[in-house]
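Presented below is the structure to which this report refers.
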Protein chains: 2
Amino acid sequence: MKERILEKAQELYLKLGFRRVTMDDIATELGMSKKTIYQHFADKNALVEECSSYFLNKEKCREQEVAEQANDPIEEIIMSTKMMREMLGTINPVAFHDLQKYYPKAWAQYLQHKSHFLEVVKNNLLKGIEKGLYRADLDIEILSRLRIESVDMAFNPDIFPEKKYRLLDIQLAFIDHFIRGIVTEKGLKAYEAIK
Amino acid sequence: MKERILEKAQELYLKLGFRRVTMDDIATELGMSKKTIYQHFADKNALVEECSSYFLNKEKCREQEVAEQANDPIEEIIMSTKMMREMLGTINPVAFHDLQKYYPKAWAQYLQHKSHFLEVVKNNLLKGIEKGLYRADLDIEILSRLRIESVDMAFNPDIFPEKKYRLLDIQLAFIDHFIRGIVTEKGLKAYEAIK
């Protein structure tokens, strides 16, 4: 039951924003009473926080799966991009701002997830250098930060007003540019072959 | 006289931060009385604002010179990088934060300058595509924003703590990565030849 609530809450929060969706909305959508939801979550804050950690944990698991399944670091990026492509289709950028503004604890979880993502990117860069797919002189510390921060940059409406840009287009352009900026000649061939 | 004050104020502000440097410091360094400074600038706010627009105007002129002198768009980026390299040696990142936090009018000037810089980058991308040095399928709107925002990102101490990273190293790594991410094979050869 708890998982059913989390799944539905996540769906609504990501689609409409954390602030706009009420406990009533979630109860109605699930066809259950609000009382049932409150049996599992003390209040909206608790639900938002559990929802975020539930979502981030799933992300983390998927990333690990991708890292294991991919044959090389470039394929790993392409597989994560595919995953992101599916996910972003369902996220309203408002959800991201809501979290940052109104749910500091959930936002802190996101920031922690970011430092995990930083490690994923660093590992990817290291593996790519080892395999001769990425340039050996990359500054891993600096470029991994550029990569993870540009994910957030794409969500920033002051830089990319939502009416003018599609979040997915921005993220895809960033990833494509990031890969091209780090590859060797061999890496570029591999990238263009599987892209 | 006014220009002499602006030059010295700029030097001190950039080296030590806008907040820390007092009118007394500037007077002492110039070997003149504070009264003389106040004859030209109503107060510190006025001096900071004039100083910022003085600095940004010089930047703008230099950028225009570079755009005219450069033989091609890649050379243009490399020449601006050289300029930036000299300039950054003299800027304390604190100066940047001070402006943003305590001098909103001067900061607004900086933001306006940023939108000018955006146009410079877009023009550079267009010229590079025309000359076959950059890939024809670049998303100019998105990548020009990535470029200018990454300049600010490098100044962000939450992302790049000053104790661990040198501002110049970050900017140089960003520029190198940016260029490699946009060039064609021909462009890459041109870049590596003049780098």
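Numbers restart at 1 for each chain; the letters A, B, ... are given by sequence-line order, proteins then strands.
Between A:Leu143 and B:Ala173, the shortest heavy-atom distance links the atoms CD2-O, 4.2 Å.
Note that the CZ atom of B:Phe178 and the NE2 atom of A:His177 stand 5.0 Å from one another [nearest 0.5 Å]. Annotation: the span from B:Arg145 atom CZ to A:Asp158 atom CG amounts to 12.0 Å, rounded to 0.5 Å. Separation of atoms CZ (A:Arg166) and CD1 (B:Ile142) is listed at 10.0 Å; rounding is to 0.5 Å.
Other residues, nucleotides and ligands contribute only 12 or fewer heavy atoms inside 6.0 Å of the NZ atom of A:Lys82. Residue A:Gln112 qualifies as open at atom CD: its count of foreign heavy atoms under 6.0 Å is 12 or below. Within a 6.0 Å sphere centred on NZ of A:Lys58, heavy atoms belonging to other residues, nucleotides or ligands number more than 12.
Sequence neighbours left out, the pairs with a member in residues 105-115 of chain A that pass salt bridge (charged side-chain N to carboxylate O under 4.0 Å, His left out) are A:Lys114-A:Glu149, A:Lys114-A:Asp152.
Contact count against chain B (heavy-atom pairs under 4.5 Å) is highest for A:Arg135 among A:Arg135, A:Lys164, A:Glu185. Between chain B and the options A:Asp139, A:Ile182, A:Ile159, heavy-atom pairs under 4.5 Å are most frequent for A:Ile159.
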Under 3.5 Å donor-acceptor pairs involving side-chain atoms of residues 187-195 of chain B, not counting sequence neighbours:
unit_1   : atom_1 : unit_2   : atom_2 : d
B:Tyr191 : OH     : B:Asp176 : OD1    : 2.5
B:Glu192 : OE2    : B:Arg180 : NH1    : 3.2

